[in-house]
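I have placed the structure first, in the form of structure tokens, so that the comments after it can refer back to it.
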There are 2 protein chains.
Amino acid sequence: MLEIAVLGLLNESPMHGYELRKRLASLLGAFRAFSYGSLYPTLRRLQEAGWIDEEAPLEQTPAPSVGFAGRSKRGKRVYKLTAEGKEHFATLLAEVGPEAYDDEGFGTRLAFFAQTRSDIRLQILEGRRQRMTEQADGMRTSLARTRERMDRYTLQLQEHGLESADREVRWLSELIESERTARPPLG
Amino acid sequence: MLEIAVLGLLNESPMHGYELRKRLASLLGAFRAFSYGSLYPTLRRLQEAGWIDEEAPLEQTPAPSVGFAGRSKRGKRVYKLTAEGKEHFATLLAEVGPEAYDDEGFGTRLAFFAQTRSDIRLQILEGRRQRMTEQADGMRTSLARTRERMDRYTLQLQEHGLESADREVRWLSELIESERTARPPLG
DNA sequence: GTGTTGATGTATCGTGCTGATACATCTCGC
DNA sequence: GCGAGATGTATCAGCACGATACATCAACAC
């Protein structure tokens, strides 16, 4: 999952690890953070696979001035997508696995929806809604079965979880709806 | 975190792994699942530490009747808390670390609030609210700064995340409020 | 000038969790 | 008697986290 996120960000512009992590955190927001402990190994893996590449450190930029980011002093490693990387990223965006429906996977996929084909978008949104609906129903059932046996706090926890799931289902329905009206299915 | 959950459930009644996992899933609801890949190693770890113990398999229970769970046929491992385990669990419930404020840790702690001291309950609820407030504020700021640069989908993702965080803050505030009125702080 | 703080930046390690997989037994309906 | 599905224990590769370490750089203070 980090793979697609990293490729997606580098597809917009070259970056180094630190910046990548910051953009990742603000892009995915609540959905995920990703620590360096997974980011750096991923960068190495992607580099070995040939999807990304390190920009030359260009020994000394005697560039004088203020506010200009032409640097890359010692130790700075700037990564960019290779041609194969771009291709690979496009392939990843065009396929949908079950991992696109869990919290983390869905957040990542949604973050790159602008570059995703609209039929794939719809498929992901509907798959996610399906999953969240099942989750909500499961919680509703379990809640109905065990409501009287639960203490106040457990009940609160469950109800909050259920409401969150229901809210997400409604949100997804809106997204699906506007996705459909924007591109009616050739009917 | 699994540790406290397992101890808490076994504190209610002895159980085997499979049942433990099911109760775990329904107890924590959306907050967490826990797979066998972590459950069984945890059980072993807890057993080695002496917090839990295996009930004797008692070769054959010729117990006749219906609905009685006196079994334990071949291969069934029923675990129960030891005296040290009960003590350890009480200690765990009485202390609050930073891990009690993230999604998983908070869900687990809340699930055993009924057995937690009320001052500790309040501390956990307030710590969680603090964290969620910070998260929400961070998202609001980042949203305000980058709103125009974002595409429709990223914006949707961020706004949904923000609303969820705000909702949780409100929910926590209600819990804190009712916690305070139920047990006014000796004032 | 020099010291200190905080942001930037790369990197590793131990620990823990997931998802997949394997396998064995028990229960119930057909 | 037999297959299906729930019950039940267990392991493994891969991934991610949180802590930690360390180095550079800008800013501002004394």
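The chains referred to below are lettered A, B, ... by the order of the sequence lines, with proteins before strands, and numbering in each begins at 1. Computation of the quantities below employed the complete heavy-atom set of this structure, encompassing side-chain atoms and omitting hydrogens, waters and symmetry-equivalent molecules.
Atom pair B:Q47:CD and D:dT9:P shows a separation of 12 Å (rounding to whole Å applied). If you measure from atom OH of B:Y101 to atom P of D:dC17, you get 22 Å, rounded to the nearest angstrom. The CG-P distance, from B:D103 to D:dG18, rounds to 11 Å in whole Å. In this structure, A:L43 atom CG and D:dC15 atom C1' are separated by 15 Å, rounded to whole Å. Atom OH in B:Y18 sits about 17 Å away from atom P in C:dT25, given to the nearest Å. Going from atom CG of B:D102 over to atom P of D:dG18 covers 7 Å, rounded to whole Å. Atom NE2 of B:H16 is separated from atom P of C:dC26 by 13 Å (rounded to the nearest Å). One can place NZ of A:K76 at 8 Å from C1' of C:dT8, the figure rounded to the nearest angstrom.
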Nucleic acid footprint by protein, nucleotides 12-17 of chain C - heavy-atom cut-off 4.0 Å, B for base, S for sugar-phosphate alone: BB---S
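Between the side chains of A:D53 and A:Q47, no donor-acceptor pair is found at a separation under 3.5 Å. A side-chain donor from one of B:E134 and B:Q130 sits under 3.5 Å from a side-chain acceptor of the other. Using modelled atom types, one finds no donor on one side chain facing an acceptor on the other under 3.5 Å when comparing A:R21 with A:S35. Checked by atom type, the side-chain pair B:Y153/A:E179 shows a donor-acceptor distance below 3.5 Å. Judged by distance alone, the side chains of B:H88 and B:E3 do bring a donor and an acceptor atom under 3.5 Å apart.
Ring-plane geometry between A:W171 and B:H160 is classed as parallel, the angle between the planes falling under 30 degrees on a 0 to 90 degree scale with a further cut at 60. A parallel orientation is assigned to the rings of A:Y36 and A:Y18, their planes being inclined by less than 30° (bins at 30° and 60°).
End-to-end axis angle of the helix from C:dG1-D:dC30 to C:dC30-D:dG1, from C1' rotation axes over five pairs per end: 30° (rounded to 10 degrees).
The CD1 atom of B:I124 sits 11.5 Å away from the CG atom of B:L172 when rounded to the nearest 0.5 Å.
Side-chain N/O atoms of B:R21 include none lying less than 4.0 angstrom from OP1 or OP2 on D:dT7. In this structure, A:K22 does not reach the C:dA7 phosphate: none of its side-chain N or O atoms is under 4.0 Å from OP1 or OP2.
In this structure, the side chains of A:R23 and A:E12 come closer than 4.5 Å at one or more pairs of heavy atoms.
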